[in-house]
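The block underneath contains the structure these notes are about, expressed in C-alpha cells.
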Number of protein chains: 2
Amino acid sequence: MDDTILDPALGLRIRRTESLTSLIRRELERMIEVGELKAGDRLNENALAAKLGVSRGPIREACRGLEQSGLVHVIVNRGVFVREISNHEAAELYDIRAALYALAGRLLAPKITKKQVAELRRMVSQMEDAADKGELNVFYPLNVRFHEAIVQFSGNGRLLSISTSVHREMHLFRRRTLDMPGRMKISNSEHRAIVDALAAKDGNATAQLMEDHVLKSRELLFGPMGTPVD
Amino acid sequence: MDDTILDPALGLRIRRTESLTSLIRRELERMIEVGELKAGDRLNENALAAKLGVSRGPIREACRGLEQSGLVHVIVNRGVFVREISNHEAAELYDIRAALYALAGRLLAPKITKKQVAELRRMVSQMEDAADKGELNVFYPLNVRFHEAIVQFSGNGRLLSISTSVHREMHLFRRRTLDMPGRMKISNSEHRAIVDALAAKDGNATAQLMEDHVLKSRELLFGPMGTPVD
DNA sequence: CTGCAAAAGATTGTTGACAATAAACAGTAA
DNA sequence: TTACTGTTTATTGTCAACAATCTTTTGCAG
C-alpha cells in the first residue's frame, strides 16, 4: 500500500492550495487520534518523512504546530514525543473544558435556531439507541459530535478552536468514563436536559448543565473540581 | 546595533539547551507585543533570517507555532501575516477570557495562601497609586501581572498557557478601555473586591467577580456578552 | 562478570540551494 | 488611457547535505 500523501500521478493536475505542512499536521493528528501513534511514542523525523514521501522540513514545521496545541512535546536534541497526560493534567483539562462548554451553552442559548435544536435532538435520540444497545463505539463519536455541535453553533470561532485543541489533548488520556455501567444512559439524560435548556433559550441553566455534565465525568475519575490529583 | 540572537562570541561557550526555533518564537512574540511588528504586517522570512542571523528553517518553524497560537496567519505561497483582530473577534476573545478568569478565580479561592493574598494586595495598592496619578503606563503592566498572577496561582498549567495565548491575541486589538476617564479607579476597585473574595476563600463570588470584571471591559467596547458585533 | 571509556551509529538541528508560485513591471493593442 | 499579456523579480515551499548532539555498542581494566 502506498502511504505517501502526494500521488505523483495527480501532482501534475492538482494546483496545490495547501502546504505540505498543514496536510502533514492533519495526518499526524489523525494518527494520534486513531492510536497509530500512542502517548509517549517518539516521532522519528526520517521515518515519517520516508513514510509520507516528503522531506524533513515540512515534518518539523508540522510538529511545531502540534507542540503549541499540546499534542506533542519537544525535547531538544532528543526529538518530539506524543504527549502523555498524567491524571493531574487530565483533571486540569476537565476543569477547563467545563468552563469552555459552559460558555458555549451560555452563548448559544439565546440565539439557537429551531433547526439546530432539531439536529441536537436527533443526535440525542441516536445516542439513546446506542445506549440501549450498549454500543459504546456508536455512542462515543455521537457524543463527541454533540458537544462539538454546541460549541460550533455558539458562533465563537476561537472558542471552537480552543475546545477542539483541548479535546484532542484529553484524548491522549485513555481512561474513559463512558464505559462505566449505566454511564451512557445517565450521560444522555444530561444531554437531553441540556437541549431542553437550550430550546428554552435559558443561558444560565444551559451553562450550569454543561458545566455539571463535564464535571460529573471529572468527579468519577478524580473527585470534584479543583481537587488535587496524584 | 547588533540584532542577532546568537552572539558568536558566546556561541562557543554556551551549551545550547534550547533550539533556535523557540528563541525565535519568543523574539517574534516580543516584537509583536512591543509593536515592532504591527497587525497586518507580513513577516519576510529572508529579512527576518538576516536580521536574526539564522537561516529560514527555524524562522518557518517558529511561525508555525505562532500560527497555532493565533498570533499570525499563513496564506500559502503568500507568507505569514501578523493577525488583525476585528471587533467581532475581539469581542469573542473577551467572552473566552471571562470564562477562563472565572475558572482561575474559582480554582484559586479555596487554596490561596496568605502570602499570595499579600502579593495581590501589594499589586492593588501599587495600581491605586498609579490610578491616582493617572499613570496608565504604570497601571497597565501591573494590571496584566495581577491577572496573570491569579491564573498562575490557580495552579492549572494548561489554563495558564491558554490564558497567555488568548491575552497575547487580544493584544493585537488596539482599542483599550483603561484609558477612558476614571476607568483605572473603577477597574482597581474591582480588583480589590476580587482579592477580598479570594482572601475569604469564596470560590463562587470570586468567579462571578472575575467574570464581571472582564465583561465590563467588553461591554464598554461592544455591549454585553454574546452581543453580535460588527 | 561488572563498570567505565572511547568509538560508531543514529537522530536531530541548521543551513544553503533549487523549484514553484505570486507580485511587479513593461509593452502592446484597442 | 485602459485592459491585457508576457517577462522579470521577489518570495515562499521543499529538499538534500552537513554539523551538533545523543544513544548504543564495543573494548578493556578491574
Side-chain angles (χ1 to χ4, degrees), chain A residues 3-28 31 37 40-68 71-83, chain B residues 3-28 31 37 40-68 71-83:
Chain A
D3 265 332
T4 60
I5 287 183
L6 296 177
D7 184 336
L10 287 141
L12 295 171
R13 312 197 57 194
I14 295 176
R15 186 203 309 257
R16 270 231 317 292
T17 177
E18 203 172 7
S19 70
L20 284 186
T21 300
S22 56
L23 286 172
I24 290 166
R25 201 179 62 206
R26 273 213 302 282
E27 173 65 7
L28 291 176
M31 289 168 87
L37 291 169
D41 284 358
R42 188 169 66 83
L43 277 63
N44 184 314
E45 294 178 3
N46 282 316
L48 277 172
K51 180 176 155 82
L52 300 178
V54 298
S55 77
R56 282 173 52 217
I59 302 273
R60 286 178 62 86
E61 288 180 28
C63 286
R64 295 303 174 163
L66 294 180
E67 179 186 21
Q68 192 62 26
L71 245 55
V72 305
H73 70 127
V74 177
I75 306 179
V76 191
N77 285 321
R78 299 265 321 267
V80 346
F81 299 81
V82 179
R83 261 193 64 201
Chain B
D3 264 332
T4 61
I5 286 182
L6 296 177
D7 185 336
L10 287 137
L12 295 171
R13 312 196 56 195
I14 294 176
R15 186 203 307 256
R16 270 229 316 294
T17 176
E18 202 172 9
S19 70
L20 284 185
T21 299
S22 57
L23 287 172
I24 290 165
R25 199 177 64 204
R26 272 211 303 280
E27 173 64 8
L28 290 176
M31 289 169 86
L37 291 169
D41 284 359
R42 189 168 66 82
L43 278 63
N44 184 314
E45 294 177 3
N46 281 316
L48 276 172
K51 181 176 153 80
L52 301 178
V54 298
S55 75
R56 282 172 53 218
I59 302 272
R60 287 178 61 86
E61 288 178 27
C63 286
R64 297 302 174 164
L66 294 180
E67 180 186 21
Q68 191 64 26
L71 246 56
V72 305
H73 69 127
V74 177
I75 305 179
V76 191
N77 285 321
R78 299 261 323 264
V80 345
F81 300 81
V82 179
R83 261 192 66 200

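The pair A:Glu67-A:Arg64 meets the salt-bridge criterion, since a charged nitrogen lies less than 4.0 angstrom from a carboxylate oxygen.
Between A:Arg64 atom CZ and C:dT14 atom C1' the separation is 12 Å, expressed in whole Å. Separating the CZ atom of B:Arg25 from the C1' atom of C:dG13 is a distance of 16 Å, rounded to the nearest angstrom. Between the CG atom of B:Asn46 and the C1' atom of C:dG16 there is a distance of 11 Å, rounded to whole Å. For the pair B:Arg60 CZ and C:dG16 C1', the interatomic distance rounds to 14 Å; values are reported in whole Å. For the pair B:Glu61 CD and D:dT12 C1', the computed distance is 15 Å after rounding to whole Å. The distance between atom CG of B:Leu48 and atom C1' of D:dT11, rounded to the nearest whole Å, is 13 Å. Note: CG (A:Asn77) to C1' (C:dG13) measures 7 Å, nearest angstrom. Between the CD atom of B:Glu45 and the C1' atom of C:dG16 there is a distance of 14 Å, rounded to whole Å.
Of all nucleotides listed (D:dG13, D:dC15, C:dT14), D:dG13 comes nearest to the side chain of B:Val76.
Look at A:Arg56 and you won't find any side-chain N or O under 4.0 angstrom from OP1 or OP2 of C:dG13. Residue A:Asn44 places none of its side-chain N or O atoms closer than 4.0 Å to OP1 or OP2 of C:dA10.
At a threshold of 4.5 Å between non-hydrogen side-chain atoms, the residues B:Val72 and B:Phe81 do not count as touching. Annotation: side chain of A:Leu66 is not in contact with side chain of A:Val82 (no heavy-atom distance under 4.5 Å). In this structure, the side chains of A:Glu27 and A:Leu52 come closer than 4.5 Å at one or more pairs of heavy atoms. Taking 4.5 Å as the limit, every side-chain heavy atom of A:Val74 sits out of range of all side-chain heavy atoms of A:Cys63.
Between A:Ala62 and A:Leu28 the shortest heavy-atom distance is CB-CD1, 4.4 Å.
For B:Arg25, the side-chain hydrogen bond (donor to acceptor under 3.5 Å, both in side chains) test picks out A:Gln68, with sequence neighbours left out.
Within the 4.0 angstrom heavy-atom criterion, no nucleotide atom of any strand lies near A:Gly57. Within the nucleic acid shown, B:Ile59 has no heavy atom closer than 4.0 Å to any nucleic acid atom.
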Protein-nucleic acid N or O pairs under 3.5 Å, nucleotides 23-25 of chain D:
from: D:dT23; atom 1: OP1; to: A:Arg78; atom 2: NE; distance (Å): 2.7

